[in-house]
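Read the structure below first, then the notes.
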Amino acid sequence: MRIVDLLKPEAIKLNQSLSDKSEAIEKLIELHASVGNISDIDSFRKEILKREELSSTAVGNGIAIPHAKSEAVASPGLAAITAPNGVDYGAPDGKPSDILFMIAAPLDGDLHLEVLSRLMTLLMDENLRDALKKSNTPEEFLSAIDKAESERFDEPKPEPKKDGYRVLAVTACPTGIAHTYMAAEALEKAGREMGYPLKAETNGSAGAKNVLTAEEIASCDGIIVAADKTVEMSRFDGKPVLSVSVSDGINKPKELIEKIVNGSVAVYHHSGTKATVETGQNESFGRKLYKHLMNGVSHMLPFVVAGGIFIALGFLIDTIAGVDPQTAGSAFGTVTPIASWFKNIGNFAFSFMIPVLAGFIAMSIADRPGFLVGIVGGILATNGATFMDPAAASTIPSGFLGALLAGFAAGYLMLCVERLCDKLPRALEGIKPVLIYPLAGLAIVGVMMCAVNPFMGMINSGLNDGLMWLSERHLDILLGAIVAGMMAIDMGGPFNKAAYVFGSTVMLGQASSMADPNVAYTVMAAVMIGGMVPPIAIALSTTFFKNRWTAEERKNGVVNYIMGLSFITEGAIPYAASYPLAVIPSCIVGSAVAGAFSVIFKCTLMAPHGGIFVFAVVGNWYWYLLALAVGSVVGMLMLALLKKKAKA
């Protein structure tokens, strides 16, 4: 569907003066309403604002494209505004937005994604942006779009050379929306200007588009892979491949094309399931690790977000139903049938979180044979199996840190297995992926994790003894800071589990050395607040220090407010896995500060879980909220110091 078919002259306002983002949104909604695109302004506004809460829809270069799917859309359409002085719309490049389009799409289909990708492709052209800003009438505005749309989409593309395109490209970003199409358009435009017709495949959120054919790949001089996530590479075996970030595809298209044309790019080899580059490797080992990690994190995120919200709903439903958290204890969130349904479904989703992280890291490294070793390694990390206790009946899990080890180590070990198997007779080629690789992988990961997990148990025992030593000497403030800080170290591993088990057993009166019950309840309060701080600190950072995070990270950061308040520390795991040297120390310090203040304020807790939903049984809850706020802000500020600005 053409842009000019969706945009009516009456839905265009030029040379507007906008005070802020809210005013821009309201004017665009009013334009939609004025031409009959929406039937319920309030309902549509709610969906637009919900999308903006995830991350700003400003994409840079002065462009903002707010969009939403809503049942209030009577007719799909566009509205547009130009603002000569611009408006601060939270763009990733920090510049004001002076061209704003708003997409109104019905619930069925992916019209908003199609229109968004087409708009982004057109608006990459600086000449079009200038023409739109200089338009004095809606008709001039529409004429400029119509001309650009006809040139870009209606007229035939430059013919490739007889035996195919000289240069091909694949673009992809974690969200699969704006930057994917911006990079593709920048590369194709640069190719036309340089006289080297280029075809770019986009791996967007709605799937791969403009897919490269086998004939085109066979006849090209080389392929540019501008991607921040894993793409299908086996088809490029034997061809020069230049692998760069998606931002380089946007900002350095001519430089990348010149490298392909000049023959200065290494040949890529994909033998069976392993990938190597012959010489002149252009991608650093550190960037490879980052891409492998991002592959795991991006696949893990849906389990974290959906599972965490379901668990929080379980707590909320029990709270509304009047369940006493103190009486329910660890069963809180599962007392009423509907709460039990939500919490158990959420727990099931959470149970896949760590294995999925490890599995897709290993798969990114070693392709399909790596998937088994990663998944099994992640499961062994979550249950703590050992040689002496393979059923993990009484051992301590190694958590997400163990899963990271399993994903990376098992993936690279599988590459070694694949190389060793190259020496086997060719007659065995067919059984490698279905028999040899799975058997070898399972043996490797089983031995590796059963060897690692006992050390986690020893760490846990030592930690528990140390905490008991502190409690016996009545070092309450120090104890509170330590148990709270431990909750943030590995978010499910031995440190976290040691602190939680210690706090809950003390609360339940199983520690004979703590005769005063208020002291026991104080320890449990410090434990829970320590688990609440990491997600909230990260959410605050993505809100107030946007330039430290990518658009995808900012979008998911909002959910961490819910997770933190619900005492779901795992919401911080994707960020801790991606930036451990910045996130983990910041969360530890923030949690420790919150734990210390919780003890100082004599806050108590008589329930082992629940977050904000059990505040009814928190002693001095108003001071508890203050301690939580202080610790979260401290964590946020430390993140601002330790975390570098995100790349565009």
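The aromatic rings of F360 and H299 lie parallel to each other, their planes meeting at an angle below 30°, with 60° marking the opposite boundary. Classification of the F601-F597 ring pair by plane angle, with boundaries at 30° and 60°, yields tilted.
Of all non-hydrogen atoms in I354 and G378, the two that sit nearest each other are CG2-O, 3.9 Å. When all heavy atoms of A627 and A594 are compared, the pair lying nearest together is O-CB, 3.5 Å. Residues L639 and S586 share a closest heavy-atom pair of N-OG, 3.3 Å. Scanning all heavy atoms of the two residues, the minimum distance from A577 to L404 falls at CB-CD2, 4.3 Å.
Inter-residue side-chain proximity for M524 and T604 is flagged as unmet; no heavy-atom pair is nearer than 4.5 Å. Taking 4.5 Å as the limit, every side-chain heavy atom of P574 sits out of range of all side-chain heavy atoms of N556. Contact check for F310 versus K343: no side-chain heavy atoms found under the 4.5 Å cut-off. With contacts defined as side-chain heavy-atom distances shorter than 4.5 Å, the pair D318/F613 does not qualify. Within the 4.5 Å cutoff, no side-chain heavy atoms of V599 are placed close to those of L479. The shortest distance between side-chain heavy atoms of L565 and L628 falls below 4.5 Å.
To the nearest 0.5 Å, atom CG of residue D20 and atom CD1 of residue I25 are 9.0 Å apart. Remark: L540 CG to L637 CG distance equals 9.5 Å, nearest 0.5 Å. The CG atom of D476 lies 11.5 Å from the OG atom of S598; values are rounded to the nearest 0.5 Å. Here the straight-line distance linking atom CD1 of I538 with atom CD1 of I573 works out to 10.0 Å at 0.5 Å rounding. Interatomic distance, CZ of F352 versus CD1 of I375, reported as 9.0 Å (0.5 Å rounding).
Remark: F303 engages no residue in a ring-ring contact (aromatic ring centres under 6.0 Å, His included) (not counting sequence neighbours). In this view, N620 and K602, C603, Y622, W623 satisfy the side-chain contact (heavy atoms from CB on, under 4.5 Å) rule, not counting sequence neighbours.
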side-chain contact (heavy atoms from CB on, under 4.5 Å) between I529 and F567, intermediate numbers included: CA-CA 8 Å; I529 206 171; F567 185 34; over 6 Å; no

Criterion salt bridge (Lys or Arg N to Asp or Glu O under 4.0 Å) on K50 and E53, from CA distance to verdict: CA-CA 5 Å; K50 185 188 297 184; E53 287 175 1; over 6 Å; no

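E52 and T57 share a side-chain donor-acceptor pair at under 3.5 Å. No side-chain donor from either of Y575 and S541 sits under 3.5 Å from a side-chain acceptor of the other.
Among the candidates K46, R45, R51, the single residue satisfying the side chain to side chain contact (heavy atoms under 4.5 Å, CB included) test with L49 is R45.
Looking only at distances, no side-chain donor or acceptor of S591 sits under 3.5 Å from a matching main-chain atom of I588.
In Y579, the OH atom is crowded: over 12 heavy atoms of neighbouring residues, nucleotides or ligands sit closer than 6.0 Å.
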